[in-house]
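Data block below; observations after.
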Amino acid sequence: MQSKEHLYKLLVIGDLGVGKTSIIKRYVHQNFSPHYRATIGVDFALKVLSWDAETVVRLQLWDIAGQERFGNMTRVYYREAMGAFIVFDVTRPATFEAVTKWKEDLDSKLVLPNGKPVPTVLLANKCDQGIDVLMNNGIKMDQFCKDNGFVGWFETSAKENININEASRCLVKHIIASE
Ligand code: GDP
Ligand code: MG
């Protein structure tokens, strides 16, 4: 019987149009839509994971509209989160450049009860598009993650359902380890 339960609030942040809403939809509802609909305010979705034989993990995924970037809204939105995904679009270099700004915004407004930054995983989304700004710019992602405090990174596709489950398990593993 699964007797242990965890509830974690996870943030999904990054520039407008990178695929935040699509990733959550794919992960939670197993579907994808090519039609763009901007998220207004904040959306929530719940994903229940059978973590191991004893443990159930409930993930409360918070999806924010990209415009709210460095406003005061993010502070309220970040409150009590236990982990985060920062998403960029591999076809748009500017969204990768924004990644460090998102990380700084997050770390400046939120720390864990133990004073440490929240575990954050970087998602290089739309990898199905075959255009890779990272490769083209010779950016070494493992080093980038080390330098910028990410616990890991994944190439993802909400469209083709690539690596989203893996990225989530990586984040949850780090959250559990940090508790
Ligand atoms: P958000 O603003 O970050 O929430 O971005 P959305 O989830 O609304 O996605 C923006 C656009 O990118 C939409 O037209 C999606 O269909 C498209 N999109 C999202 N993820 C992917 C992906 O993995 N691959 C491709 N090809 N398109 C994607
Ligand atoms: Mg959205």
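Ligands are counted one by one from 1 in listed order, and the atoms in each one are counted from 1 as well.
Under 4.0 Å from ligand 1, not a single heavy atom of D89 appears. Only the side chain of D128 comes within 4.0 Å of ligand 1, judged by heavy-atom distances. In C127, neither the side chain nor the backbone holds a heavy atom less than 4.0 Å from any atom of ligand 1. Contacts between Q129 and ligand 1, counted as non-hydrogen atom pairs separated by less than 4.0 Å, involve the side chain only.
In this structure the side chain of R58 never reaches within 4.5 angstrom of the side chain of Y8, judged on heavy atoms.
In summary, the atoms of ligand 1 found under 4.0 Å from a heavy atom of F32, numbered by their order in the structure, are 16 (O), 18 (N), 19 (C), 20 (N), 21 (C), 27 (N), 28 (C). The S157 neighbourhood of ligand 1 comprises atoms 23 (O), with distances under 4.0 Å to a heavy atom of that residue. Close contacts of ligand 1 with P34, meaning ligand atoms under 4.0 Å from a residue heavy atom, involve 14 (O), 16 (O).
Cation-pi contact between R169 and W51: present, with separation from the ring centre below 6.0 Å and deviation from the ring axis of at most 45°. In this structure, K25 fails the cation-pi test against F32, since its NZ or CZ atom is not both closer than 6.0 Å to the six-membered ring centre and inside 45 degrees of the ring normal.
In summary, K101 and D105 do not engage in a salt bridge, as defined by a charged side-chain N under 4.0 Å from a carboxylate O. Under the 4.0 Å criterion applied to side-chain N and carboxylate O atoms, D142 and K146 are not assigned as salt-bridge partners. K20 and D63 are not joined by a salt bridge, as no carboxylate oxygen comes within less than 4.0 angstrom of a charged side-chain nitrogen.
Note: no N/O pair closer than 3.5 Å links I23 and ligand 1 by distance alone. Considering both main-chain and side-chain atoms, T156 never comes within under 3.5 Å of ligand 1 through any nitrogen or oxygen pair. Checked against a 3.5 angstrom limit, the closest N/O atoms of D63 and ligand 1 fall outside it.
Selection from G14, S22, A158 by nearest heavy atom to atom 23 (O) of ligand 1 gives A158.
Residues forming a salt bridge (charged side-chain N to carboxylate O under 4.0 Å, His left out) with E179 (at least two apart in sequence, or on another chain): none. Taking the side-chain hydrogen bond (donor to acceptor under 3.5 Å, both in side chains) definition, one finds that E104 meets it with nothing, sequence neighbours left out.
At a cut-off of 2.8 Å, S22 is not counted among the residues with an N, O or S atom near the Mg ion (ligand 2).
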